[in-house]
Peer 1: 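Quick one: the structure is below, and I'll ask about it shortly.
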Amino acid sequence: MADKITSREKDYSEWYNDIVKHAGLAEHSAVKGCMVIKPYGYAIWEFMQAELDRKFKETGHVNAYFPLFVPKSFLSKEAAHVEGFAKECAVVTHYRLKTSDDGKEVIVDPEAKLEEELIIRPTSETIIWNTYRNWIQSYRDLPLLINQWANVVRWEMRTRLFLRTTEFLWQEGHTAHASEEEALAETRQMLEVYAEFAEKYLGIPVIKGIKTANERFAGAVETFCIEAMMQDGKALQAGTSHFLGQNFAKAFDVTFLDKSNKPEYVWATSWGVSTRLIGALIMAHSDDDGLVLPPKLAPVQVVIVPIYKRQEELEAIGAKVAPLVQALKSKGIRAKFDNDDAKKPGWKFAEHELKGVPLRIAIGPRDMENGTAEIAFRDTKAKQSITFAELENEIPKILDQIQEGIYLKALRFREENTHYVNSYEEFKKVLDEKSGFIFAHWDGTSETEEKIKEETKATIRCIPLDNPQEDGICIYSGKPSKQRVIFARAY
RNA sequence: CGGGGUGUAGCGCAGUCCGGCUAGCGCACCUGGUUUGGGACCAGGGGGUCGUAGGUUCGAAUCCUGCCACCCCGACCA
């Protein structure tokens, strides 16, 4: 195995970068903080999109598209919202370029200054609520259940491929409801959609919870989230669903007439997941040999590598394999016969491991004689011989088994790295020596959360839903507490 | 924005300290041959404004100044 990939133990960040680069997922672009998502990485995003889009439609949502640009004045209409995003907005000030007087370069035409600057959306609540005002008049117009697939820009100081880039791709759902109960139900429903997607597709176990005031979305009344654990024990927020109350309805004057002909402000939600999920996928499952993909999101699920000496042998293997590939494709399985004559088997093995292909099948002269094949599992590295005739029926089962195995491995990892502590000393010790999720009592104040963050870099990731209630004392302040919350260092 | 590091062929690097012939190596690529059950081998070949702009010098990848980009560690955040 060529040492293309830095080991996780040696340098976790480098390992992550190596995976992204060598598996061909993305690369840095000529624009600071922005990435080029390469075809292999984008294919994974497309599988995510397809499944999420299906789930959104199934729950009654429709897609629409709103502008990239937001008038500056819109952003300032909701106080908490503007405060949350003001520091990271890209601003368009001019609409024309011209050639400089010496003819050597292109400059901004000072004559072409915009009357009102345009913000490149960091999220679309404002432009959408400004639009919804015109769409909503009566309770009969509700609920309004819209999603959009879009790019957004947040001018972060420090970026990391997929995890935090200046521009990223996401979906943002924005819904309007006639009652608080209904909006809350929608918020919870979409959280469930995300959680199920994370566990069934990404193979990543997540904890559903509520954010504390410090971590809440700017402009939300309540932020729900799914939190995942990465292999270095750090937490990653994998999706959020916000109950916005009537904050944006009031800011943009969105009212409806209820059944008794009384004007009421609309209740709102918004929810989103982004290309960050690709980063989660990498950090949850991959190993020192490369990417490990759950079958449901793998662009190639099964690769068949022929082993041969002479051209006739390759042709014979090709002829044997073609009906299998066809049969698998008709079952919806993404199978590939890697008959590239320029690469040797060993090279192909390494390459497909690097790219995370879940299942590899090798067929050589011995197999041709015996009517067998060698199957190799990417996730466990296990290899075994199987009769060729069984492949067609076994492969779908094996892929399901791999999908499940990846999830269970991640779940076991999370359980092994979840700790319960009862004192601040113990808290700091566990955080430094073991990392992971720490369940501890907290007095419920922002001040305490702030202090702990300053001193340890750990934040409250969430208060789990259906959290068991138990009396205890806050590890920091010693004040009484009714429940434990999850602390962790986070991405 | 602070601290540290890097920028030389598609990729990975040496050369830079101490300026000097035609800028080198591995991988990849092209041609031919031998190979093929875990990143094959031999022979021949193509590919470079040495990040960029300026300066010093007879002469700059090498010295000086500015700028740009990226990586790692912080602060900010999804």
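The basis for the numbers below is simple: all heavy atoms, side chains too, and nothing from hydrogens, waters or symmetry mates. We name chains A, B, ... by the order of the sequence lines, and we start the count at 1 in each one.
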Peer 1: Rounded to the Å, how far apart are Glu454(A) CD and C76(B) C1'?
Peer 2: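 Rounded to the whole Å, the gap is 14 Å.
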Peer 1: Expressed as a whole number of Å, how far does the P atom of U34(B) sit from that of A53(B)?
Peer 2: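 My reading of the P atoms in U34(B) and A53(B) gives 49 Å.
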Peer 1: So is Lys355(A) actually on top of Tyr40(A)'s ring, under 6.0 Å and inside 45° of the axis?
Peer 2: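 The answer is yes, since Lys355(A) meets both limits relative to Tyr40(A).
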Peer 1: Which of these nucleotides, G37(B), G38(B), A78(B), is closest to any side-chain atom of Ala362(A)?
Peer 2: G37(B)
Peer 1: State the pairing partner of C41(B); accept Watson-Crick or G-U wobble contacts with both distances under 3.5 Å, and report none otherwise.
Peer 2: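 Across all strands, the one nucleotide that pairs with C41(B) is G33(B).
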Peer 1: Roughly how far apart, to the nearest Å, are G46(B) and C25(B) at atom P?
Peer 2: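 Each nucleotide's P atom is 13 Å from the other's.
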Peer 1: Would you kindly check if the NZ (Lys) or CZ (Arg) of Arg360(A) is within the cone defined by 45 degrees around the ring axis of Phe349(A) and under 6.0 Å from the six-membered ring centre?
Peer 2: yes
Peer 1: What does G7(B) pair with, Watson-Crick or G-U, if both distances are under 3.5 Å?
Peer 2: C68(B)
Peer 1: Does U16(B) have a Watson-Crick or wobble mate here (both distances under 3.5 Å), and if so which one?
Peer 2: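 The answer is none; no pair meets the criterion.
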Peer 1: State the pairing partner of U49(B); accept Watson-Crick or G-U wobble contacts with both distances under 3.5 Å, and report none otherwise.
Peer 2: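 Because no pair has both required distances under 3.5 Å, U49(B) counts as unpaired.
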Peer 1: Any strand counts, and the cut-off is 3.5 Å on both contacts for Watson-Crick or G-U wobble. Which nucleotide pairs with G74(B)?
Peer 2: C1(B)
Peer 1: Restricting to pairs with a member in residues 188-201 of chain A, which pass salt bridge (charged side-chain N to carboxylate O under 4.0 Å, His left out), not counting sequence neighbours?
Peer 2: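 Checked against salt bridge (charged side-chain N to carboxylate O under 4.0 Å, His left out) - neighbours excluded - the pairs reaching residues 188-201 of chain A are Lys55(A)-Glu196(A), Glu192(A)-Lys208(A).
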Peer 1: For Thr223(A), report the nucleic acid contact type (base, sugar-phosphate, nothing); a contact means any heavy atom under 4.0 Å.
Peer 2: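 Since no nucleic acid heavy atom lies under 4.0 Å of Thr223(A), the category is nothing.
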Peer 1: Using a heavy-atom cut-off of 4.0 Å across all strands, would you classify Leu236(A) as base, sugar-phosphate, or nothing?
Peer 2: nothing
Peer 1: Which is true for Gln237(A) with a 4.0 Å heavy-atom rule: it touches a base, it touches only sugar-phosphate, or it touches nothing?
Peer 2: sugar-phosphate
Peer 1: Just by distance, with hydrogens left out, do Asp11(A) and Tyr16(A) show a side-chain donor and acceptor under 3.5 Å apart?
Peer 2: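 Distance-only check fails for Asp11(A) and Tyr16(A).
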Peer 1: Quick one: look up who C21(B) pairs with, Watson-Crick or G-U, both distances under 3.5 Å, and put none if it's unpaired.
Peer 2: none
Peer 1: Let's see if you can work this out: which of G37(B), G39(B), A78(B) has an atom nearest to the side-chain heavy atoms of Arg276(A)?
Peer 2: A78(B)
Peer 1: Rounding to a whole Å, what distance do you find between Glu312(A):CD and U35(B):P?
Peer 2: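 Taking atom P of U35(B) as the reference, CD of Glu312(A) is at 13 Å.
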Peer 1: Start at the 5' end of RNA chain B and walk down; is the nucleotide closest to Asp367(A) or to Lys453(A) reached first?
Peer 2: Asp367(A)
Peer 1: Think Lys343(A) forms a cation-pi with Trp347(A), using NZ or CZ under 6.0 Å from the six-ring centre and within 45 degrees of its axis?
Peer 2: yes
Peer 1: Closest to the Lys457(A) side chain: C76(B), U36(B), G74(B)?
Peer 2: G74(B)
Peer 1: If I pick the C1' atom on U65(B) and the same atom on C58(B), what distance separates them, to the nearest angstrom?
Peer 2: 23 Å
Peer 1: Between the side chains of Tyr12(A) and Gln231(A), does any donor sit under 3.5 Å from an acceptor?
Peer 2: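 Per modelled atom types, Tyr12(A) and Gln231(A) side chains form no pair under 3.5 Å.
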Peer 1: Rounding to an integer number of Å, can you tell me how far Glu172(A) CD sits from A78(B) P?
Peer 2: 15 Å
Peer 1: Taking only the P atom of each, what is the distance from A14(B) to G7(B) in whole angstrom?
Peer 2: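 Nearest-Å result for A14(B) against G7(B) at atom P: 7 Å.
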Peer 1: Just to verify, what does Thr212(A) make a side chain to side chain donor-acceptor pair (under 3.5 Å) with, not counting sequence neighbours?
Peer 2: Glu449(A)
Peer 1: Say we look at G54(B) and G47(B): how far apart would their P atoms be, to the nearest angstrom?
Peer 2: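 About 27 Å, rounded to a whole number of Å.
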Peer 1: Among the nucleotides A78(B), U36(B), G39(B), which one has an atom lying closest to any side-chain atom of Phe168(A)?
Peer 2: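 Of the candidates, A78(B) comes closest.
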Peer 1: Without decimals, in angstroms, what is the distance between Asn214(A) CG and C77(B) P?
Peer 2: 10 Å
Peer 1: Would Lys320(A) pass as a cation-pi partner of Phe388(A), given that its NZ or CZ must be under 6.0 Å from the six-membered ring centre and within 45 degrees of the axis?
Peer 2: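 Yes, a cation-pi geometry.
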Peer 1: Using heavy atoms and a sub-4.0 Å distance, could you list which residues of residues 370-387 of chain A are near RNA chain B? By number, please.
Peer 2: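 Glu374(A), Lys383(A) - these, ordered by number, are the residues of the stretch whose heavy atoms sit under 4.0 Å from the strand.
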Peer 1: Given A78(B), U36(B), G37(B), which nucleotide is nearest the side-chain atoms of Lys309(A)?
Peer 2: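 For the Lys309(A) side chain, the nearest candidate turns out to be U36(B).
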Peer 1: Rounded to the Å, how far apart are Trp155(A) CH2 and C76(B) C1'?
Peer 2: 15 Å
Peer 1: Using atom P of each nucleotide, how far apart are G20(B) and A61(B) to the nearest Å?
Peer 2: 10 Å
Peer 1: Looking at G39(B), U36(B), A75(B), which one has an atom nearest to any side-chain atom of Arg158(A)?
Peer 2: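 Of the options given, the side chain of Arg158(A) lies nearest A75(B).
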Peer 1: Work out how far the C1' atom of G15(B) is from that of C72(B), and round it to whole angstrom.
Peer 2: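 The answer is 25 Å between these two C1' atoms.
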Peer 1: Heavy atoms under 4.0 Å, any strand shown: does Gly279(A) hit a base, just sugar-phosphate, or nothing?
Peer 2: nothing
Peer 1: Between G39(B), C77(B), A40(B), which nucleotide gets closest to the side-chain atoms of Arg164(A)?
Peer 2: C77(B)
Peer 1: Would you tell me whether Tyr491(A) and Asp232(A) have side-chain atoms, one donor and one acceptor, within less than 3.5 Å of each other?
Peer 2: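 Looking only at side-chain atoms, Asp232(A) and Tyr491(A) do form a donor-acceptor pair, the distance falling under 3.5 Å.
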Peer 1: Let me know the distance between CD of Glu156(A) and P of C70(B), rounded to the nearest Å.
Peer 2: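 Whole-Å distance recorded here is 15 Å.
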Peer 1: Counting just side-chain N and O atoms, does Asn17(A) come under 4.0 Å of either OP1 or OP2 of C72(B)?
Peer 2: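 Asn17(A) to C72(B) OP1/OP2: side-chain N or O found under 4.0 Å.
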Peer 1: Counting side-chain heavy atoms from C-beta on, which of G12(B), A78(B), C76(B) comes nearest to Met157(A)?
Peer 2: C76(B)
Peer 1: Could you tell me whether the side chains of Trp271(A) and Thr269(A) share a donor-acceptor contact shorter than 3.5 Å?
Peer 2: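 Judged by distance alone, the side chains do pair up.
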Peer 1: Considering heavy-atom distances to RNA chain B, does Gly84(A) or Lys343(A) have its closest nucleotide positioned more toward the 5' end?
Peer 2: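 Closest to the 5' end, via its nearest nucleotide, is Lys343(A).
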Peer 1: Considering only the C1' atoms, how many Å lie between A60(B) and U8(B), rounded to the nearest integer?
Peer 2: 14 Å
Peer 1: Leu314(A) has an atom CG; how far is it from atom P of G37(B), in whole Å?
Peer 2: 14 Å
Peer 1: Determine the contact category for Arg310(A): base if any of its heavy atoms lies under 4.0 Å from a base atom, sugar-phosphate if only primed atoms, P, OP1 or OP2 are that close, otherwise nothing.
Peer 2: nothing
Peer 1: Without decimals, in angstroms, what is the distance between Arg216(A) CZ and C77(B) C1'?
Peer 2: 17 Å
Peer 1: Verify the neighbour count for atom CH2 of Trp45(A): are there more than 12 heavy atoms of other residues, nucleotides or ligands below 6.0 Å?
Peer 2: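 Atom CH2 in Trp45(A) is packed in, count exceeds 12.
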Peer 1: Of the candidate nucleotides A69(B), G12(B), G39(B), which contains the atom at the shortest distance from the side chain of Lys32(A)?
Peer 2: A69(B)
